[in-house]
Amino acid sequence: AYPDIPGRETFTGNQFHSARWDHTVDLSQQRVAVIGTGASAIQFVPQIVPKVQQLTLFQRSGAWVIPKPDKPFAPWQQWAFKHIPGVDRVYRAIIYTKNEARGLAFTRFHKVLSFIAWRAKRMAARHVHDPDKLKKAIPTYNIGCNRILMANDWYSSLNQDHVDIVTDPIERIEGQTIFTANGNQHEVDTLIYGTGFKATDLLAPMHIQGRNGLTLNQAWQNGAEAYKGISVAGFPNLFILYGPNTNLAHNSILYMLESQFRYVMSCLNSLQQQNALSMDVIPARQTEFVTRLQQNLEQSVWASGCNSWYTNASGKNVANWYGFTFSYRRLTKQVQVADYNYAQEGLFTQGPAIFISGAAAGIGRATAELFLKQGWYVGAFDINSEALSAFAEAENSEKLITGTLDVTQHSQWQEALSQFMQVTGGRLDILFNNAGILNSGSFHHIPFVQHQQLIDINITGLLAGAHTAYPYLQRTPNAK
């Protein structure tokens with residue numbers, strides 16, 4: 001994730017994201033700026049502080065940081081793990097139980113977090129001696145609302161004389177100068193983005209299309225959600241690992257993943273037992289699950305008003321699981337067949353379907369009429385909306401779907417096919433591209449613009465249609 005800062009792309013020094021560290025850049029004795037002071041910055045800032053000449057940290061809000069219980073095992077402990085059966089299991093169970101208990105603080109007993117906040121403030125005061133820095137380092141939001149960080153070298157790094165914390169918003173970037181809203185200017189040689197990731201845009205780079213032509217991004221336009229964090233209504237045979245609302249703030253995500261592995265395997269076994277080709281979670285089951293989950297999350301510390309990566313732009317928590325990991329394991333122990341619709345005959349909800357461009361008149365309309373008589377679903381699209389309306393009125397058929405389409409516009413192909421697929425359940429047996437023109441007369445007498453129009457409609461239109469329709473044709477048996 002990159003911040004939306006005017007002039008960011010015009011920065012003339014070195015710049016990179018911490019997730020794509022540029023190891024060719026030598027930070028020794030450089031003036032370095034870091035945007036972001038969250039989970040990313042807390043890992044790399046202490047490592048570069050000894051190298052740089054000046055470090056400026058641009059911070060939107062501070063982070064709650066507590067000591068990291070990270071120390072080597074004593075020789076006697078290592079001996080016990082190796083020679084006494086079960087000691088390692090007992091030690092692991094203690095860690096699990098201790099971490100699991102923290103879930104109560106996040107979801108029910110928020111006041112318990114006050115003790116953790118006191119520890120964080122105490123550690124900060126012990127290491128940060130500048131009162132102004134200390135004030136900026138301590139967050140103003142409730143502890144736990146955002147991710148609690150663990151480090152033993154963060155506050156001591158902030159305490160260095162050549163490290164500054166800037167809380168004024170960045171206004172713009174020009175050349176190698178960063179301008180803040182209060183009018184100050186900061187000259188830097190290297191700019192590092194410690195701005196993390198787009199955690200709420202789950203699976204966003206992937207194009208996943210469901211039963212009715214709806215993409216997963218469209219289904220999740222108001223925020224990602226899934227039944228038990230795994231299945232999404234309208235997307236048969238789609239199983240997501242580490243999906244919406246399965247993140248944790250108190251224990252290991254591996255435990256959650258193991259629960260999801262078992263659940264997905266249970267789903268696959270149920271497909272065989274039902275002798276089915278696909279399974280799709282019942283929408284009402286998903287809605288009931290998500291509604292109850294969101295109601296519980298509203299009572300958690302994550303809903304106490306801070307700006308965190310757990311929530312999307314509308315404030316919906318799409319990341320965190322509410323409750324214990326063992327309750328999630330019990331919930332996902334075995335798939336309930338009654339929660340899903342199973343299809344034995346195939347993935348489609350409707351009969352054969354043909355999409356016709358240039359369908360308002362002539363061969364296109366005649367073809368549409370022929371297939372309608374055969375009982376097919378017919379998508380009749382044309383740039384001539386008036387002729388299409390007359391055609392639709394004359395046929396008066398529920399299986400005739402009409403719409404306006406300029407075949408030279410790829411976006412209109414996408415909209416038209418998406419409209420048709422929502423009716424056919426994603427089935428497309430035939431694409432009949434009938435839109436086309438033919439110029440008449442001597443070649444040199446025909447204006448060039450007409451030649452260009454011929455190419456746009458007859459060639460570009462054909463390619464745009466084939467490219468858009470291909471995914472539907474590919475998954476429809478014997479499609480043409």
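All heavy atoms count here, side chains included; hydrogens, waters and symmetry mates do not. Note that the structure is a prediction, hence the values are computed from the model and not measured.
Between Tyr91 and Phe73, the ring centre distance stays below 6.0 Å. A distance below 6.0 Å separates the ring centres of Phe44 and Trp21.
In this structure, Arg329 is positioned above the aromatic face of Tyr255, its NZ or CZ under 6.0 Å from the six-membered ring centre and within 45° of the axis.
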Gln286 and Asp339: CA distance, side-chain angles, deciding distance, side-chain hydrogen bond (donor to acceptor under 3.5 Å, both in side chains) verdict: CA-CA 9 Å; Gln286 177 177 312; Asp339 292 340; over 6 Å; no
Stepwise side-chain hydrogen bond (donor to acceptor under 3.5 Å, both in side chains) check, Tyr322 with Gln299: CA-CA 10 Å; Tyr322 180 90; Gln299 308 304 316; over 6 Å; no
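Using a 4.5 Å heavy-atom threshold, the side chains of Pro67 and Arg119 count as touching. The shortest side-chain heavy-atom distance between Arg92 and Ile95 does not fall under the 4.5 Å cut-off. At a threshold of 4.5 Å between non-hydrogen side-chain atoms, the residues Ser40 and Tyr193 do not count as touching. Residues Leu55 and Val45 are in side-chain contact: their nearest non-hydrogen atoms beyond the backbone lie under 4.5 Å apart. Counting only heavy atoms from C-beta outward, the side chains of Phe355 and Leu405 approach each other to under 4.5 Å. Side-chain contact between Val52 and His162 is present, with heavy atoms from C-beta onward closer than 4.5 Å. Looking only at side-chain heavy atoms (C-beta outward), Trp154 and Thr37 come within less than 4.5 Å of each other. Inter-residue side-chain proximity for Trp64 and Arg147 is flagged as unmet; no heavy-atom pair is nearer than 4.5 Å.
Residues Ala33 and Val188 come closest through the heavy atom pair CB-CG1, 3.6 Å. The two residues Ala74 and Gln77 make their nearest non-hydrogen contact at N-OE1, 2.8 Å. In this structure, Lys133 and Ile165 approach most closely via the heavy-atom pair O-CD1, 4.1 Å. Residues Leu297 and Ala303 come closest through the heavy atom pair O-CB, 3.7 Å. The two residues Tyr340 and Ser231 have their closest heavy-atom pair at OH-OG, 2.7 Å. The two residues Phe235 and Ala219 make their nearest non-hydrogen contact at CE1-CB, 3.9 Å.
The local environment of CZ in Arg172 is crowded, with over 12 non-hydrogen atoms from other residues, nucleotides or ligands closer than 6.0 Å. Within 6.0 Å of the CZ atom in Arg31, the count of heavy atoms belonging to other residues, nucleotides or ligands exceeds 12. Counting heavy atoms of neighbouring residues, nucleotides and ligands inside a 6.0 Å radius, atom CZ of Arg122 does not exceed 12 of them. Counted within 6.0 Å of CG on Asp161, heavy atoms from surrounding residues, nucleotides or ligands total 12 or fewer; the atom is thus considered open. For Tyr470, the OH atom is loosely surrounded, since the number of other residues' heavy atoms within 6.0 Å does not exceed 12.
Of the possible polar contacts, one joining the His17 side chain to the Gly196 backbone as a donor-acceptor pair under 3.5 Å is found. The main-chain N or O of Ala39 is found under 3.5 Å from a side-chain atom of Gln43 such that the two form a donor-acceptor pair. Without hydrogens or angle criteria, Thr10 side chain to Gly7 main chain gives a donor-acceptor distance under 3.5 Å. Checked by atom type and distance alone, the side chain of Thr291 never pairs as donor or acceptor with a backbone atom of Glu288 at under 3.5 Å. In terms of modelled atom types and a separation under 3.5 Å, the side chain of Ser327 and the main chain of Gly323 share no donor-acceptor contact. The backbone N or O of Thr215 lies less than 3.5 Å from a partner atom in the side chain of Gln218, making a donor-acceptor pair. Of the possible polar contacts, none joining the His207 side chain to the Leu216 backbone as a donor-acceptor pair under 3.5 Å is found. Here the side chain of Asn142 pairs no donor or acceptor atom with the backbone of Cys145 at under 3.5 angstrom. Not a single donor-acceptor pair under 3.5 Å links the side chain of Glu171 to the backbone N or O of Phe179. In this structure, the side chain of Thr476 engages the main chain of Leu428 through a donor-acceptor pair within 3.5 Å.
Rounding to the nearest 0.5 Å gives a distance of 10.0 Å between CD of Glu298 and CG of Leu293. Interatomic distance, Glu225 CD to Trp220 CH2, rounded to the nearest 0.5 Å: 9.0 Å. With values rounded to the nearest 0.5 angstrom, Ile178 atom CD1 is found 5.0 Å from Ile170 atom CD1. The distance from atom CD of Gln409 to atom CD1 of Ile383, rounded to the nearest 0.5 Å, is 9.0 Å. Between atom NZ of residue Lys228 and atom SG of residue Cys267 there is a gap of 8.0 Å, rounded to the nearest 0.5 Å. Of the inter-residue distances, the one linking Asp189 atom CG with Thr12 atom OG1 reads 9.5 Å to the nearest 0.5 angstrom.
Remark: the Ser266 side chain and the Gln334 side chain contain an N/O donor-acceptor pair separated by less than 3.5 Å. Between the side chains of Asn433 and Ser357, a donor-acceptor pair is found at a separation under 3.5 Å.
Put simply, the residue from His410, Gln412, Glu415 that forms a side-chain hydrogen bond (donor to acceptor under 3.5 Å, both in side chains) with Thr468 is His410.
Residues meeting the side-chain contact (heavy atoms from CB on, under 4.5 Å) test with Thr190, sequence neighbours left out: Asn14, Phe16, Val25, Leu27, Gln30, Val32, Ile192.
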Show which side-chain atoms of residues 242-254 pair as donor or acceptor with protein atoms under 3.5 Å away, not counting sequence neighbours.
| from | atom 1 | to | atom 2 | distance (Å) |
| --- | --- | --- | --- | --- |
| Tyr242 | OH | Asn247 | OD1 | 2.6 |
| Asn245 | ND2 | Asn317 | O | 2.9 |
| Asn245 | ND2 | Asn320 | O | 3.0 |
| Thr246 | OG1 | Gly243 | N | 3.2 |
| Thr246 | OG1 | Gly243 | O | 2.8 |
| Asn247 | ND2 | Asn320 | OD1 | 2.8 |
| His250 | NE2 | Glu100 | OE1 | 3.4 |
| Asn251 | ND2 | Tyr96 | O | 3.3 |
| Asn251 | ND2 | Glu100 | OE1 | 2.8 |
| Ser252 | OG | Leu254 | N | 3.2 |

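Between Trp321 and Phe289, the ring-plane angle classifies as parallel under the 30° and 60° cut-offs.
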